[in-house]
Colleague: 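My questions will all concern the structure given below.
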Amino acid sequence: MIDLSRATATDAVTALARGHISSEALLTAQLGRVEKFNPKLNAVVALDVDRAMAEARAADEALKQGRLTGPLHGLPMTIKDLFATKGLLTTSGHVPLADYAPDTDAPAVAAFKAAGAIVFGKTNLSEFGGDIQSYNDIHGLCRNPWNLERTAGGSSGGSGAALAAGMTLLEFGSDIGGSIRVPCHYNGVFGHKPTWNAVDRFGEGPRPPVWSHALTDLAVAGPMGRSVADIRLGLDILTSLSTGGIPGARLPSASARAHSAGSLRVAIHVDDPAAPTSEACRAAVREVGARLAAAGARVSEPGLPGPSLTEQNALYRELLNAAMSTAYAASHQDWKAADERRHRLRADYGRFFTDYDVLLAPIAPTPAFPHNTEGPMGARKLKVDGVEVAYLRHLVWAGLATLPGLPATAVPVALSDEGLPIGLQVIGPLWGDRTTLAVAGLIETLTGGFRPPPGY
């Protein structure tokens with residue numbers, strides 16, 4: 001049996017393919033961890049044990065016959081409870097969907113299954129993915145395995161907590177306000193926010209009987225795991241048939257400079273009046289920069305392209321409101337003007353990334369904060385190094401990559417003095433997903449990668 005406290009999905013699929021472990025045994029072990037840890041974490045909110053066990057046995061039998069179904073052959077995994085999963089509760093944390101079980105899979109879920117994965121459960125989230133914490137009126141509050149009194153983040157908080165606790169080794173999340181990156185930062189795991197529209201998001205947040213066919217502005221879907229290799233594997237599967245909606249299209253290869261620190265050009269941005277950020281989070285990013293520089297990279301803090309981060313964040317919040325709120329009342333002409341400003345910024349970033357390969361930045365202003373779910377989000381407050389700030393200021397760093405649609409890979413890099421994980425995001429140019437993953441791999445090597453929470 002592999003050690004589920006530390007094992008990665010890549011470790012598991014290798015062991016499965018070589019016959020060192022059976023899919024049935026791995027699923028049984030993961031369900032054992034769900035039974036042991038989930039009562040206090042509330043990260044896994046639905047299970048499909050009988051079906052999953054039958055699929056695991058079928059995978060083991062296929063392997064005995066010399067057949068592999070794909071790169072994830074026999075790997076048990078969970079899916080964020082926002083994506084349609086055939087025959088398995090898909091509630092989106094929305095009470096009217098409490099008993100909804102779709103009759104088909106979202107294309108991304110189908111892609112994981114076609115690659116050999118066995119979906120055995122769904123993970124907790126905020127209602128329709130609309131908060132940076134994970135709680136809802138169906139399943140309740142998700143807790144952080146590093147400290148039960150702290151948030152697991154949102155909206156893919158159940159995904160992050162389940163990964164950190166070894167209840168699952170691969171996850172599929174979504175991100176419009178940091179919903180992949182923030183839970184990775186808070187739980188000490190890896191994730192990737194792809195370039196906008198790189199991954200098919202159809203079947204996300206289904207509201208039967210009619211599902212949305214239009215692309216949601218700003219929102220993306222992507223893999224989460226315990227290593228860069230895990231999320232690279234997940235992204236390969238998610239883009240195996242198409243990317244950008246183009247059948248047969250593939251993500252470009254990583255920049256040649258991204259494979260070696262000695263030729264890498266790194267920009268860092270950690271100090272900005274728009275984003276009050278704890279000293280621990282700022283120091284963690286700068287320490288990674290120092291390690292890369294010691295390995296030969298050219299590292300500098302040139303500032304951001306385009307208008308100030310304050311202006312960028314105001315534009316992000318405007319477009320986020322248009323994408324998510326039914327109360328958005330601006331005219332179409334107003335939206336077009338905002339979209340034009342966004343495209344000018346995208347062009348600014350295009351020029352920026354001719355001089356730099358990646359941009360390193362915090363993911364959130366602090367490590368995981370105490371649960372804070374009372375009242376409307378706009379009225380909540382949080383503290384950054386003892387100073388009270390508006391709750392929604394925690395979206396500023398998330399919006400940095402989301403507004404221009406850039407890829408960003410979340411990497412755990414340090415622990416705070418309180419013993420809480422701290423991550424950073426590696427941001428790259430449009431369609432530079434493989435570049436951010438390659439640089440994330442360099443950082444993973446320098447910082448040691450995933451570490452399990454104490455007691456898990």
Side-chain angles (χ1 to χ4, degrees), residues 34 37-48 78-85 88-102 106 109 119 121-145 148-165 167-168 171-184 186-187 191 201 203-208 211-212 216 219 221 224 320 323-327 364 368-380 382 391-392 394-395 398:
V34 172
F37 297 128
N38 199 56
K40 58 185 178 182
L41 296 177
N42 195 30
V44 178
V45 294
L47 290 171
D48 195 3
T78 51
I79 300 285
K80 180 179 181 179
D81 190 31
L82 198 65
F83 293 95
T85 309
L88 184 53
L89 283 178
T90 302
T91 73
S92 301
H94 183 56
V95 170
L97 297 178
D99 299 317
Y100 176 56
V109 175
V119 176
K122 304 295 284 293
T123 47
N124 210 347
L125 75 169
S126 51
E127 184 179 16
F128 284 122
D131 203 327
I132 58 172
Q133 299 175 83
S134 290
Y135 63 99
N136 58 72
D137 289 339
I138 301 173
H139 302 301
L141 179 70
C142 180
R143 297 180 179 274
N144 190 315
L148 298 178
E149 300 308 311
R150 302 292 177 119
T151 182
S155 60
S156 310
S159 307
L163 283 165
M167 295 188 287
T168 190
E171 252 284 355
F172 180 52
S174 59
D175 191 312
I176 192 172
S179 289
I180 288 172
R181 293 163 288 162
V182 169
C184 289
Y186 290 156
N187 293 280
R201 291 180 45 257
E204 179 182 352
R207 306 190 191 199
W211 294 2
S212 174
T216 301
M224 299 170 65
L320 182 67
M324 295 194 71
S325 174
T326 56
F369 55 83
H371 301 292
N372 181 2
T373 61
E374 296 301 316
M377 285 189 286
R380 297 176 195 162
L382 295 172
Y391 182 81
L392 292 177
H394 276 234
L395 288 173

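Heads up: numbering here begins at 1 and tracks the sequence.
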Colleague: Glu204: which residues meet the salt bridge (charged side-chain N to carboxylate O under 4.0 Å, His left out) condition with it, sequence neighbours left out?
Modeller: Arg201
Colleague: Report yes if the side chains of Pro370 and Arg150 come closer than 4.5 Å at any heavy-atom pair, otherwise no.
Modeller: yes
Colleague: Evaluate the side-chain contact (heavy atoms from CB on, under 4.5 Å) criterion for residues Arg380 and Asp131: first the C-alpha distance (whole Å), next the side-chain angles of each, then the deciding distance (0.1 Å), finally the verdict.
Modeller: CA-CA 12 Å; Arg380 297 176 195 162; Asp131 203 327; 3.1 Å; yes
Colleague: Does the Ser179 side chain pair with the main chain of Ser156, one donor and one acceptor, at a distance under 3.5 Å?
Modeller: no
Colleague: Kindly say whether Gly191 contributes a backbone atom to a donor-acceptor pair with the side chain of Arg181 at under 3.5 angstrom?
Modeller: no
Colleague: Taking the inter-plane angle between the rings of Phe83 and Phe172 on a 0 to 90° scale, is it parallel (under 30°), tilted (30 to 60°) or perpendicular (over 60°)?
Modeller: tilted
Colleague: Under the side-chain hydrogen bond (donor to acceptor under 3.5 Å, both in side chains) criterion, do Glu171 and Thr123 qualify, and how do the steps go?
Modeller: CA-CA 9 Å; Glu171 252 284 355; Thr123 47; 2.7 Å; yes
Colleague: Can you confirm whether Asp137 is buried at CG, in the sense that more than 12 heavy atoms of other residues, nucleotides or ligands lie under 6.0 Å from that atom?
Modeller: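 At most 12 heavy atoms, drawn from other residues, nucleotides or ligands, come within 6.0 Å of this atom.
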Colleague: Going by atom types alone, do Ser155 and Lys80 pair a side-chain donor with an acceptor below 3.5 Å?
Modeller: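 Present: a donor and an acceptor within the cut-off.
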Colleague: Could you tell me whether a side-chain N or O of Ser159 sits under 3.5 Å from a main-chain N or O of Gly173, the two making a donor and an acceptor?
Modeller: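 No: the side chain of Ser159 does not pair with the backbone of Gly173.
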Colleague: For Met324, which residues count as a side chain to side chain contact (heavy atoms under 4.5 Å, CB included) partner, sequence neighbours excluded?
Modeller: Ile176, Leu320
Colleague: Verify the ring-centre separation between His371 and Tyr135: is it less than 6.0 angstrom?
Modeller: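 For Tyr135 and His371, the ring centres are not under 6.0 Å apart.
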Colleague: Quick one: does any side-chain atom of Asn42 pair with a main-chain N or O of His139 as donor and acceptor, under 3.5 Å?
Modeller: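 Judged by distance alone, yes, a pair lies under 3.5 Å.
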Colleague: Kindly assign one of parallel, tilted or perpendicular to the pair Phe369 and Tyr391, based on the angle between their ring planes and the thresholds 30° and 60°.
Modeller: perpendicular
Colleague: Quick one: which of Asp81, Asn38, Asn136 gives a side chain to side chain donor-acceptor pair (under 3.5 Å) with Asn124?
Modeller: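 When side chain to side chain donor-acceptor pair (under 3.5 Å) is applied between Asn124 and each of Asp81, Asn38, Asn136, only Asn136 qualifies.
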